[in-house]
Colleague: 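Quick one: this structure, given as structure tokens, is what I'll be asking you about.
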Amino acid sequence: MDFTKLPHGGVTLTNVTVPACLAGLEGDLVRTEISIDDGRIGDPQPVAVDMGGAMVFPAFVDMHTHLDKGHIWPRSPNPDGTFAGALATVRADSAARWSAGDLRPRMEFSLRAAFAHGTRAIRTHLDSIAPQDDITWPVFRELQEDWADRIELQAACLIGCDKWTDDDGPFGHTADLVAATRGGVLGMVTYPMGDLRDRIRGFFAQAAARGLDADFHVDETMDAGVETLRDIAELKMETGFSGRVVVGHCCSLSAQDEGRALDTLDLVAKAGIDVVSLPMCNLYLQDRTAEGIARTPRRRGITLVHEMRARGIRVSFASDNTRDPFYAYGDMDMLEVMREATRIGHLDHSRADWVTSFLTEPAATCGIAAPSLDKGAPADLVICKARNWTELFARPQADRIVLRGGVQIDRKLPDYAELDDLMRT
């Protein structure tokens with residue numbers, strides 16, 4: 001058969017390979033069949049296609065992205081590749097350029113790429129320091145409605161903890177914008193400050209008052225002395241905050257004394273906090289020296305994902321930034337994220353269920369329906385010609401098939417030239 005084309009309508013895909021954990025079985029990979037009827041996984045159909053062992057996944061969940069920053073690299077490149085360089089460059093670009101007319105086409109460009117690659121749900125962080133919050137959140141709501149039948153969208157506000165205020169200050173207004181948005185999540189970046197714990201308490205109180213979950217950027221540094229993760233875990237328990245809490249990055253754990261890091265993870269597990277690891281962006285930024293200094297990076301920044309899973313902590317992986325000063329590359333492709341996370345984090349010789357960290361784990365953290373291969377689930381599928389993990393990760397799977405509601409989509413990716421007018425300075 002022509003692998004790139006499947007018949008429309010009811011069909012049974014025979015001889016497919018799926019992760020055993022997605023079929024409710026023990027082990028690694030299993031051969032089975034999947035039937036599609038009226039847009040859902042259903043009973044066997046009279047039309048059958050032998051897929052030759054092709055691997056099948058439910059469509060992916062990308063739970064930590066930055067759609068508002070996406071694709072500004074051509075006009076605002078990181079001058080030296082460092083975190084400080086990224087932060088300063090984005091601040092300058094947003095102040096000068098982030099109108100609704102600039103944001104929407106860049107954000108939609110990323111959504112089109114994600115859809116073509118096989119993603120069905122995305123959480124994005126949105127820079128929300130006033131007055132940007134009143135510009136960006138209405139644009140996001142428009143996209144949320146326009147894309148509702150293709151990608152389920154959530155958003156978390158993004159401010160540094162030094163910009164946090166109580167409800168009488170600017171962040172109170174931002175929190176109200178978040179609460180007025182379907183699936184809105186209250187977000188903040190934490191780093192050492194003298195009154196950080198008071199700020200986190202106030203933040204949790206605002207989230208609780210509005211019935212919002214919390215999403216933190218945490219300890220995105222190789223400084224072993226930075227431990228705001230402990231503050232978040234302790235304060236979640238102290239305040240009794242009952243919403244979902246996820247922390248992203250947590251790079252400093254990888255630089256800490258083993259005993260101290262594991263003690264922190266025990267706190268995280270006890271507090272019931274989820275983690276999202278962003279290995280591609282962390283690999284790009286962490287342990288990088290300033291421009292002109294030729295030094296090979298020693299420490300790569302990925303957080304302690306194996307130790308987390310061993311403690312029952314829910315762990316997800318996600319894209320993070322896309323072609324902006326924090327990460328010059330990326331294409332909102334969760335298969336790329338899975339491939340790189342496997343290589344960077346040595347996921348290939350441990351547990352057999354890491355695939356859930358790109359599917360069911362982020363769905364649970366975000367509180368959305370879990371991607372599934374079970375009967376009755378939407379036939380939103382990603383099908384790769386690869387028959388096993390080594391074949392899957394050896395190539396980018398550019399010829400993958402993506403089905404949405406059982407119908408094969410056009411996977412043509414948007415052309416970067418579409419953004420040229422926005423890149424002119």
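Given the structure is predicted, the values throughout are model-derived calculations rather than measurements.
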Colleague: Using 0.5 Å steps for rounding, measure from the CG atom of Leu22 to the OG1 atom of Thr32.
Modeller: 11.5 Å

Colleague: Are any of the side-chain heavy atoms of Ile302 and Asn282 separated by less than 4.5 Å?
Modeller: no

Colleague: Using 4.0 Å as the upper bound for N to carboxylate O, is an ion pair formed by Arg309 and Asp353?
Modeller: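 Here Asp353 pairs with Arg309 in a salt bridge, since their nearest N and O are under 4.0 Å apart.
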
Colleague: Would you find a donor on one side and an acceptor on the other, under 3.5 Å apart, between the side chain of Arg120 and the backbone of Ala59?
Modeller: no

Colleague: Which class fits the ring pair His217 and His249: parallel under 30°, tilted 30 to 60°, perpendicular over 60°?
Modeller: tilted

Colleague: Do we see a donor-acceptor contact under 3.5 Å between the side chains of Thr82 and Asp80?
Modeller: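 The answer is yes; a qualifying pair exists.
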
Colleague: Could you check if a side-chain atom of Val61 sits within less than 4.5 angstrom of a side-chain atom of Thr119, using non-hydrogen atoms only?
Modeller: no

Colleague: Go through the steps to decide whether Phe115 and Ile122 satisfy the test side-chain contact (heavy atoms from CB on, under 4.5 Å), and finish with yes or no.
Modeller: CA-CA 10 Å; Phe115 182 71; Ile122 290 173; over 6 Å; no

Colleague: Rounded to the nearest 0.5 Å, what separates atom NZ in Lys236 from atom CG in Leu267?
Modeller: 12.5 Å

Colleague: Side chains of Asp133 and Ile129: does their closest heavy-atom pair fall under 4.5 Å?
Modeller: no

Colleague: Which heavy-atom pair separates Thr190 from Cys161 by the least distance, and what is that distance?
Modeller: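 So the two residues come closest at CA-SG, 4.0 Å.
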
Colleague: How long is the straight-line distance from CZ of Arg201 back to CG of Leu235, given to the nearest 0.5 Å?
Modeller: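 These two atoms lie 5.0 Å from each other.
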
Colleague: Is a side-chain N or O of Gln154 found less than 3.5 angstrom from the main chain of Cys366, in a donor-acceptor match?
Modeller: yes

Colleague: For a quick test of reading the model, state the closest non-hydrogen atom pair linking Leu67 to Thr124 and the distance between them.
Modeller: N-OG1, 2.9 Å

Colleague: For the residue pair Asp93 and Trp98, confirm or rule out a side-chain donor-acceptor distance under 3.5 Å.
Modeller: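 There is such a pair between these side chains.
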
Colleague: Quick check: does any side chain N or O of Gln206 sit under 3.5 Å from a backbone N or O of Ala175, one acting as donor and the other as acceptor?
Modeller: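 Here the side-chain-to-backbone pair does not exist.
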
Colleague: Between Arg199 and Asp195, does any NZ, NE, NH1 or NH2 come within less than 4.0 Å of an OD or OE carboxylate oxygen?
Modeller: yes

Colleague: How far apart are the closest heavy atoms of Thr89 and Pro77, and which atoms are they?
Modeller: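 So the two residues come closest at CG2-O, 3.7 Å.
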
Colleague: Check the pair Phe60 / Phe358 against ring pair (Phe, Tyr, Trp, His ring centres under 6.0 Å), numbers first and verdict last.
Modeller: CA-CA 6 Å; Phe60 296 104; Phe358 308 84; 7.4 Å; no

Colleague: Between Arg97 (side chain) and Ala92 (backbone), is there a donor-acceptor pair under 3.5 Å?
Modeller: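 No; judged by distance alone, with no hydrogens or angles, the pair does not exist.
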
Colleague: Where do Phe171 and Gly187 come nearest, in terms of heavy atoms and distance?
Modeller: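 Taking Phe171 first and Gly187 second, the nearest heavy atoms are CZ-O, 4.2 Å.
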
Colleague: If we count only N and O atoms by modelled type, under 3.5 Å, do the side chains of Asp68 and Thr136 hold a donor and an acceptor together?
Modeller: no

Colleague: Answer yes when Glu418 and Arg106 have at least one side-chain N-carboxylate O distance shorter than 4.0 Å, and no when they do not.
Modeller: no

Colleague: Quick one: do the Arg31 and Thr17 side chains pair a donor with an acceptor below 3.5 Å?
Modeller: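 On atom types as modelled, these side chains qualify, holding a pair under 3.5 Å.
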
Colleague: Do Thr65 side-chain atoms and Arg123 backbone N/O form a donor-acceptor pair below 3.5 Å?
Modeller: yes

Colleague: Which residue, Phe203, Trp164, Tyr191, forms the ring-ring contact (aromatic ring centres under 6.0 Å, His included) with Phe216?
Modeller: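 Of all the options given, the one that passes is Phe203.
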
Colleague: For residues 271-281, dump all side-chain donor-acceptor pairs below 3.5 Å to protein atoms at least two apart in sequence or in another chain.
Modeller:
{"residue": "Asp274", "atom": "OD2", "partner": "Arg314", "partner atom": "NH1", "Å": "3.1"}
{"residue": "Asp274", "atom": "OD2", "partner": "Thr365", "partner atom": "OG1", "Å": "2.8"}

Colleague: Between Trp137 and Thr181, do the side chains contain an N or O donor and an N or O acceptor separated by less than 3.5 Å?
Modeller: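 No, no side-chain donor-acceptor pair sits under 3.5 Å.
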
Colleague: Is Arg395 positioned over the aromatic face of Phe393, cation under 6.0 angstrom from the ring centre and no more than 45 degrees off axis?
Modeller: no

Colleague: Out of curiosity, His349 NE2 to His346 NE2, how far, rounded to the nearest 0.5 Å?
Modeller: 9.0 Å

Colleague: Look at Asp102 together with Arg75 and state whether they make a salt bridge at an N to O cut-off of under 4.0 Å.
Modeller: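 A salt bridge is present here (some side-chain N lies under 4.0 Å from a carboxylate O).
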
Colleague: Regarding Asp134 and His173, is there a side-chain donor-to-acceptor distance under 3.5 Å anywhere?
Modeller: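 Side chains of Asp134 and His173: pair found under 3.5 Å.
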
Colleague: Atom CZ of Arg112 and atom NE2 of His117: how far apart are they, to the nearest 0.5 Å?
Modeller: 12.0 Å

Colleague: May I ask you to say whether Arg210 pairs ionically with Asp176, meaning some side-chain N is under 4.0 Å from a carboxylate O?
Modeller: yes

Colleague: Heavy atoms, side chains only, cut-off 4.5 Å: are Asp287 and Arg295 in contact?
Modeller: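 Side-chain contact under 4.5 Å: yes.
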
Colleague: Under 4.0 Å between a Lys/Arg side-chain N and an Asp/Glu carboxylate O for Arg400 and Asp333?
Modeller: yes

Colleague: Just checking, is any N or O donor in the side chain of Asp324 or His71 under 3.5 Å from an acceptor N or O on the other one?
Modeller: no

Colleague: Just by modelled atom types, is the Pro396 backbone N or O under 3.5 Å from a matching donor or acceptor in the Glu336 side chain?
Modeller: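 Between the backbone of Pro396 and the side chain of Glu336 there is no qualifying donor-acceptor contact (under 3.5 Å).
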
Colleague: So that I can tick it off, tell me whether Lys385 and Glu391 are bridged by a salt bridge, with the cut-off set at under 4.0 angstrom between side-chain N and carboxylate O.
Modeller: no

Colleague: Which residue pairs pass the ring-ring contact (aromatic ring centres under 6.0 Å, His included) test when at least one of the two sits in residues 394-417, sequence neighbours left out?
Modeller: Phe109-Tyr416

Colleague: Going by atom types only, do Trp389 and Asp28 share a side-chain donor-acceptor pair under 3.5 Å?
Modeller: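 The answer is yes; a qualifying pair exists.
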
Colleague: Are the side chains of Leu29 and Val18 in contact, using a 4.5 Å heavy-atom criterion?
Modeller: no

Colleague: For a side chain to side chain donor-acceptor pair (under 3.5 Å) with Lys69, tell me which candidate from Thr322, Asp320, Asp127 qualifies.
Modeller: Asp127

Colleague: Under the 3.5 angstrom rule, does the side chain of Gln144 hit a backbone N or O of Leu153 as a donor-acceptor pair?
Modeller: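 Yes: the side chain of Gln144 pairs with the backbone of Leu153.
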
Colleague: Should the heavy atoms of other residues, nucleotides or ligands under 6.0 Å from CZ of Arg91 be counted, would the total exceed 12?
Modeller: no

Colleague: Report yes or no: does Ser252 contribute a side-chain atom to a donor-acceptor pair with the main-chain N or O of Thr221 at less than 3.5 Å?
Modeller: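 Flag not set: sc Ser252 to bb Thr221 has no pair under 3.5 Å.
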
Colleague: Establish, from distance only, whether the side-chain atoms of Trp147 and Glu108 form a donor-acceptor pair under 3.5 Å.
Modeller: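 Note: Trp147 and Glu108 side chains meet the donor-acceptor criterion.
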
Colleague: Is there a side-chain contact between Val245 and Asp213 in this structure, where contact means two heavy atoms from C-beta onward sitting under 4.5 Å apart?
Modeller: no

Colleague: Are Leu373 and Phe57 close enough that some pair of their side-chain heavy atoms sits under 4.5 Å apart?
Modeller: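 SC-SC contact between Leu373 and Phe57 ruled out.
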
Colleague: With distance as the sole test, does Ser128 use its side chain to make a donor-acceptor pair with the main-chain N or O of Leu126 at under 3.5 Å?
Modeller: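 Confirmed, Ser128 side chain pairs with Leu126 backbone.
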
Colleague: Between the side chain of Arg104 and the main-chain N/O of Phe140, is any donor-acceptor distance below 3.5 Å?
Modeller: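 Here the side-chain-to-backbone pair does not exist.
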
Colleague: Check step by step if salt bridge (charged side-chain N to carboxylate O under 4.0 Å, His left out) holds for Asp219 and Arg230.
Modeller: CA-CA 10 Å; Asp219 301 345; Arg230 294 182 70 92; over 6 Å; no

Colleague: Show the nearest heavy-atom pair for residues Arg311 and Ala269, with the distance to one decimal.
Modeller: O-CB, 3.8 Å

Colleague: Could you give all pairs that pass the side chain to side chain donor-acceptor pair (under 3.5 Å) test and reach residues 298-307, with sequence neighbours left out?
Modeller: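 Counting only pairs at least two positions apart or across chains, no side chain to side chain donor-acceptor pair (under 3.5 Å) contact touches residues 298-307.
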
Colleague: Is Asp380 salt-bridged to Arg40, cutoff N-O under 4.0 Å?
Modeller: no

Colleague: Report the distance from atom CG of Leu381 to atom CD1 of Ile41, rounding to the nearest 0.5 Å.
Modeller: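 It comes to 5.0 Å.
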
Colleague: Kindly indicate whether the side chain of Lys270, heavy atoms from C-beta on, has any atom under 4.5 Å from the side chain of Met237.
Modeller: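 The answer is yes, as the side chains (C-beta and beyond) meet within the 4.5 Å cut-off.
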
Colleague: For a quick test of reading the model, state the closest non-hydrogen atom pair linking Thr165 to Pro170 and the distance between them.
Modeller: OG1-N, 3.3 Å

